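Predicted, not measured: the structure shown is a model, and the values here were computed from it. Each ligand, and each atom within it, is numbered from 1 in the order the structure gives.
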Amino acid sequence: MSDLAVPSVPHRATVRDDVERVLVVTAHPDDVDFGAAGTVAAWTAAGIEVAYCICTSGDAGGFDDTPREEMAPLREAEQTAAAAVVGVSDVRFLGYPDGRLVPSIELRRDISREIRRFRPQRVLTQSPEIYWRRMGASHPDHRAAGEAALAAVYPDARNPFAHPELLAEGLPAWTVPEMWLVGAPEERQDHAVDITATIDRKIAALDEHASQTAHRSDIGDWVRGLGVETGRRFGLPAGHLAESFQVVTIG
Ligand SMILES: [Zn+2]
């Protein structure tokens, strides 16, 4: 291996096996489905409860001339339908404007509220880092959602003195011990989930986002190709598909 090559798997994370609830925090409708729907489907099949917290309603997305005022409700409906495909019925939209997301105190508070309400042992969100070789994963909104979710997990949600209005709403502090990041730079990814059994549901979930994906007839092949490549990178048996993550343990 040359000095410049990326080590295939530099480190394997240890993940918790006592997880009952996972909260997913993303910037846009469809982000969870591109990055993690196969994993979510595996979790719900195993009896883990999963809830989605989507920071924007994707009102700046789309590829056609759908009137802008129709886009947010359309994309919320698409995300809700896609969630149902992978066993998720608890979907909340925070209503921040698409394309202008910043990791503000208000966003941190609103994510903290969802953490304290749902009380997850794991939060899955988007990496706040720039992944230079795949800029599509590093949309500024994605990084803002990840940054705010990170701050909500540590320290806000666990600190009873942060966002005192949440205590007043009857939401006591809650400690999340583990985070999974999607779209992290490759050298930081240290865990893969085998999605061979759930890839069809992942693609079916993506198909629900018709306003984003209907013009891409190759989306199933593209997603399968990525899954196979990830499986190979993590040493799964030939032909197995995977989604990959950076796992962060917070003591
Ligand atoms: Zn996105």
Side-chain angles (χ1 to χ4, degrees), residues 22-41 50-64 66 68 70-83 85-86 88 91-104 107-108 110-111 114 123-152 179-186 188-189 202-216 218-220 222-223 226-227 230 243-246:
V22 179
L23 178 68
V24 174
V25 180
T26 65
H28 309 120
D30 82 13
D31 290 343
V32 62
D33 295 303
F34 276 107
T39 298
V40 170
V50 179
Y52 291 174
C53 167
I54 317 286
C55 299
T56 79
S57 294
D59 41 290
F63 61 92
D64 57 18
T66 301
R68 285 295 109 185
E70 291 174 20
M71 192 50 88
L74 174 64
R75 296 202 63 190
E76 290 183 5
E78 290 174 344
Q79 181 63 86
T80 302
V85 170
V86 293
V88 177
V91 183
R92 300 193 181 206
F93 299 92
L94 299 182
Y96 285 80
D98 185 9
R100 299 167 55 191
L101 199 63
V102 292
S104 65
L107 180 58
R108 285 167 52 174
D110 291 347
I111 297 170
E114 297 306 312
V123 166
L124 185 154
T125 189
Q126 295 170 295
S127 172
E129 284 191 79
I130 297 178
Y131 185 176
W132 294 105
R133 279 181 293 137
R134 261 191 64 207
M135 281 300 286
S138 299
H139 187 292
D141 285 359
H142 296 181
R143 290 187 277 121
E147 184 81 43
L150 229 68
M179 298 188 76
W180 288 28
L181 307 180
V182 294
E186 207 168 86
R188 214 89 72 217
Q189 298 172 16
K202 175 177 176 132
I203 292 168
L206 284 165
D207 285 344
E208 294 290 349
H209 297 282
S211 72
Q212 311 301 302
T213 59
H215 63 305
R216 293 174 59 177
D218 64 333
I219 200 133
W222 181 71
V223 168
L226 272 182
T230 304
E243 288 169 342
S244 56
F245 305 92
Q246 177 185 358

Polar contact flag, side-chain donor to acceptor under 3.5 angstrom, Y96-D141:
no
Is it the case that Q79 and Y52 place a side-chain donor and acceptor less than 3.5 Å from each other?
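Y52 and Q79 do not have a side-chain donor-acceptor pair below 3.5 Å.
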Quick one: does Q246's side chain have a donor or acceptor within less than 3.5 Å of a partner on V182's backbone?
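Between the backbone of V182 and the side chain of Q246 there is no qualifying donor-acceptor contact (under 3.5 Å).
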Any salt bridge between E114 and R92, counting N to O under 4.0 Å?
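Looking at R92 together with E114, the answer is yes, because their closest N to O distance falls below 4.0 Å.
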With a 4.0 Å cut-off on N to O distance, would you call R108 and E147 a salt bridge?
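Here R108 does not pair with E147 in a salt bridge, since their nearest N and O are not under 4.0 Å apart.
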Which protein N, O or S atoms lie under 2.8 Å from the Zn ion (ligand 1)?
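Protein N/O/S atoms under 2.8 Å of the Zn ion (ligand 1): H28 ND1, D31 OD1, H142 NE2.
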Specify whether W222 and F34 have parallel, tilted or perpendicular ring planes, treating 30° as the upper limit for parallel and 60° as the lower limit for perpendicular.
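Geometry flag for F34 against W222: perpendicular rings.
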